[in-house]
Amino acid sequence: MMFRKRLIAALMLPIAAQAQLSQEQVNQFAANTEFMFAVEDNFHNKDSSFLGSITLTNHSDVALPAGQGDWQIYLHNVRKMKEQSVKGLRIEHVNGDLHRLIPTSDFAGLASGETLVIPFEASVWIVAYSDFMPRAFVVAKDTKPAIFANTDSEDFSDFVTPFSEPKQLRRYNNPEDKTILVDAKVRFERNQGLTKVDAEQAVKRIIPRPQEVDYHRGSAVLDESWSISFAGQLSSEVALFTADLKAKYGLNLSAQADHLNAGEDKVIKLSVDAQVGEPEGYYLEIDDDIIRIIGHDNAGAFYGMQSLLALLPATGEATLPNLEVRDNPRYGWRGMHYDNGRNYHGKAAMFKLVEQMARYKMNRLHWHFSEDEGWRLEIPGLPELTEIGAYRCFDLQENRCLLTQLGTGPFKSGSGNGYLSRADFIELLQFAKARHIEIIPEIEGPGHARASIKAMEARYRRLKQQAEQYAQGSLTNSQTDTQEFSQVDLSAATRYLLSDPKDTSSYITVQNYTDNSMNVCLDSTYAFMDKVTYELQQMYREAGTKLRYLHIGGDEVGAGSWIGSPACQALFAEANNGVAGVADLKPYFTQRVAQLLHKRGIAPGVWEDGIMYDKVNPFNRDEYPNEVFFTNAWDNIWEWGVADRAYRLANAGYQVILSHGTHLYFDHPYEAHPQERGYYWATRYTDTEKVFGYMPDDLYANADYTRARDKIDNLEALVGRPMPALEKPENVLGMQGQVWSETIRTEEQVLAMVFPRMLAVAERAWHKAKWEGAQPDSRARQQDWQRFASALAIKELYKLDRDGITLHLPVPGGVIEQGKLVANSAYPGLSIEYSLDNGSTWQPYKQSVTVSANAEVLLRSRVNNQISRTTSVR
């Protein structure tokens, strides 16, 4: 009997050996096994969870052995998967969006040529392909990871099964998802009210629209017979102006300070007069042989030059209509928020964004450079912030990089990795300053801080090891090597530590992190904030500008943070410090940081929920010494009952930046279609027209639909309490668009999500339309939108393309009526193409086209070499 047991054990050795996958086997398996995601059923659990599946089709020569093994499959999934065992694989949530599949003793193996379907359940719902992340990978015990080849792609069709049934295309059926899912016919019907504006009128349309424009007869043709005379203080602005004329129109105009008289010379006269308009305002006059731009200040003169450039066609002769413009901005804060903490898109993307913001008279870039998934700016003295915090890879101990997230995959070369050097940022600051744009950096805290937390833990480990080695060496040198060295000086190692090693708190955030809250009870947390702020100030000073605003985040702190922290318990035990329990800790954090910034002459900013005790009560404004404390009001999901926070905060004495999710979040899809990129937590889609229609002076008038797409007729009844009026309108500083980058991994993707929606933000932040109000004039709004959209189609999109901006082009609408194809666009005048041979050849659409019975026609939009998604018309 004993012999038999030994024989069985001996026979089992080769099987066990086979379970140890080699590097070559891992590589072959990943290269030749298809990994596919699928949504199976969004309807199975009301609006709480959905059923999905992962299908592995093994086309390789490598078999995954039965039973427990040394291999695991890792995948990115932004919807937290239920931890369970399925088909012999244990599904585990690692952190954030990272999950893994681990074989158990019940695993039956996966032979060459076999297919394995792994069902799973995950939170809420998925109706967009972009919710699924690329670059799933497999790794064995002693091997390097290998990415499943078909998932190493930005084309979702390579690794996501098409959505076709209602239970895949709709978020839920209880409550009913009333979203109208778009196709060519729906688009056609929506666009029918639009007609093409005369091309000459479209070229004359300045975006953003000026306050007053008077057109005169005639026109001025710019050529090199013109000269520029300018006030000396405008030297920087004129340098950019002449560079634009040369680069975009081939015009090399001589420009000197105040040296020309008008006379018979053709001259562009540029000056500054504080009596003209209001801050940032200007006067522009164009006549046959003279052009005058008078700015209230340098910024106003610069914006007058941008209006002149805006009047020029995208290509061809530089002809300007004769006119007079008197113009002032609606708001002093006209901004864009750009998150590249989650995914870094390269240096060029930031410069392109700033350049286009200036063209459309926007003046604030809110740079979200720190997040859970990344830290994107070099900070002298804290190298780990970028050496580790700027990169994600497969390192479960996080000694070399952060835990991989958001489709980066296992390697530091993966998408979303990188940072701006100190020199790069100074260059960007100078570039922005020349264009009258102020950059507001954001050090995210106390939540959303995982990148900085893990980087400072790595710093702690490095310096702790050095201190221990130094102490050991000192003891050995003094011939006391047997003595313990428990009194190692760790003050340097702990100086900027953001976490308490003894903290037993348990929480999970909206983004499924369990360890992303700075410990607000540690003095080292505030030393870190002050150190980074100091280094930022030095960069701004070196760039010749000033750090006036610093955003400190404050939003979405995980419930349960700090409950198990000994440092916090000690703080609670101190008498008369105003901190008696966990509920006092967020106000404590904001007060300490605000005081640090006050000493440095910097105004702090937070996201709205970072300054609220509850839904309706802000922190006590009197506790903050800062003259300006600005807040971004973003959470206007109408049925959640917090859409009045913008007014509550302004009335309480905080300064407010309107940043509302339903209209101003550019991480949302352009339309309700699974192929459109983006999240859709605030609204199912946000197209450019919706942004254009935002009414910042009457927030409640924007309440149109709930998330389920129920029409809102009575907001107060929906919320169940009175909605406060705005008592201190002077505290609303302005508005900004937001682009968050969870699903955005490349420069091309981020630019397409921003453009052209940003132009609609520029329009509303600069110009108050006559149709706005509690009861907006829908007919006038439609006419205004038609003129704006025609200007996009005929002029602005071509200028953006010329400047290297990747665009989102609207998919055309179309129907076949009585044997004829009829097509239209959301942007009247935009070029449309059709194909009758499944995309092999394309023809420009000019008017209705006769097609054969039962024909399938493909449509797309085009601007030069940029094309939209295609749509099918039957």
Side-chain angles (χ1 to χ4, degrees), residues 197 199-208 221-224 226 237-253 302-321 336 338 345-362 431-432 434-435 437 666 688 746-763 788-810 825-833 844 860-868:
V197 173
E200 183 179 347
Q201 295 301 315
V203 172
K204 288 181 180 180
R205 177 68 152 86
I206 298 172
I207 296 176
V221 179
L222 285 184
D223 55 31
E224 293 192 356
W226 288 73
E237 290 80 5
V238 171
L240 293 175
F241 180 54
T242 56
D244 269 342
L245 289 173
K246 183 176 182 180
K248 304 183 191 315
Y249 296 96
L251 297 175
N252 193 8
L253 304 190
F302 177 75
Y303 295 140
M305 297 176 211
Q306 299 312 304
S307 286
L308 186 151
L309 292 169
L311 288 164
L312 292 170
T315 58
E317 188 176 62
T319 303
L320 294 164
M336 264 302 301
Y338 174 35
H345 309 108
K347 175 181 174 181
M350 297 195 68
F351 280 78
K352 288 181 179 180
L353 177 60
V354 168
E355 182 179 29
Q356 297 308 321
M357 287 176 63
R359 299 213 185 286
Y360 298 101
K361 304 184 179 74
M362 302 180 80
F431 186 84
R435 290 157 177 79
I437 291 174
F666 298 166
T688 307
T746 69
E747 175 189 310
E748 293 76 18
Q749 291 168 4
V750 74
L751 293 176
M753 294 299 278
V754 171
F755 294 98
R757 287 188 284 200
M758 191 193 81
L759 278 64
V761 171
E763 177 87 359
F788 179 92
S790 294
L792 289 182
I794 293 170
K795 178 180 59 170
E796 301 302 329
L797 296 181
Y798 288 90
K799 289 185 175 183
L800 290 166
D801 174 72
R802 177 194 63 195
D803 291 348
I805 301 299
T806 306
L807 301 166
H808 181 280
L809 300 179
S825 174
Y827 304 163
L830 186 64
S831 295
I832 297 173
E833 296 180 334
R860 69 185 186 187
S861 304
R862 175 182 285 274
V863 168
N864 293 331
N865 291 324
Q866 299 198 49
I867 56 175
S868 71

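No hydrogens, no waters, no symmetry mates; every other heavy atom, side chains included, goes into these values. Only a predicted model underlies this, so the values are computations on that prediction, with no experimental measurement involved.
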Can you list the steps and then say if Arg359 with Glu796 is a salt bridge (charged side-chain N to carboxylate O under 4.0 Å, His left out)? CA-CA 11 Å; Arg359 299 213 185 286; Glu796 301 302 329; over 6 Å; no
Measure the shortest side-chain to side-chain distance between Ser831 and Tyr798 over non-hydrogen atoms and say whether it is less than 4.5 angstrom. yes
Leu309 side chain near Lys799 side chain, heavy-atom distance below 4.5 Å: no
Do Leu353 and Phe755 have side chains that approach each other closer than 4.5 Å (heavy atoms only, starting at C-beta)? yes
Got a second to check how far Met336's CE is from Arg757's CZ, nearest 0.5 Å? 9.5 Å
Quiz question: by atom type and distance under 3.5 Å, do the side chains of Tyr827 and Thr688 form a donor-acceptor pair? yes
Side chain proximity check, Glu747 to Thr806, heavy atoms < 4.5 angstrom: no
Using side-chain heavy atoms (C-beta onward) and a distance below 4.5 Å, is Tyr338 in contact with Val754? no
If the condition is ring-ring contact (aromatic ring centres under 6.0 Å, His included), which residues does Phe302 pass it with, not counting sequence neighbours? His436
Just by modelled atom types, is the Ala760 backbone N or O under 3.5 Å from a matching donor or acceptor in the Tyr360 side chain? no
Residues that Thr319 engages under side-chain hydrogen bond (donor to acceptor under 3.5 Å, both in side chains), provided they are two or more places apart: Glu317
CG-OG distance between Leu797 and Ser861, expressed to the nearest 0.5 angstrom: 9.5 Å
Considering residues at least two apart in sequence or located in another chain, which fulfil the ring-ring contact (aromatic ring centres under 6.0 Å, His included) criterion with Phe431? Phe351
Are Gln306 and Ile206 side-chain neighbours, meaning at least one heavy-atom pair lies under 4.5 Å? no
Does the Lys795 side chain pair with the main chain of Arg205, one donor and one acceptor, at a distance under 3.5 Å? yes
Taking the side chain from Glu833 and the backbone from Arg860, do they hold a donor-acceptor pair closer than 3.5 Å? no
Is Arg802 close to Ile805 at the side-chain level, that is, under 4.5 Å between some pair of heavy atoms? no
Just wondering, do Leu251 and Thr242 contact through their side chains at under 4.5 Å, heavy atoms? no
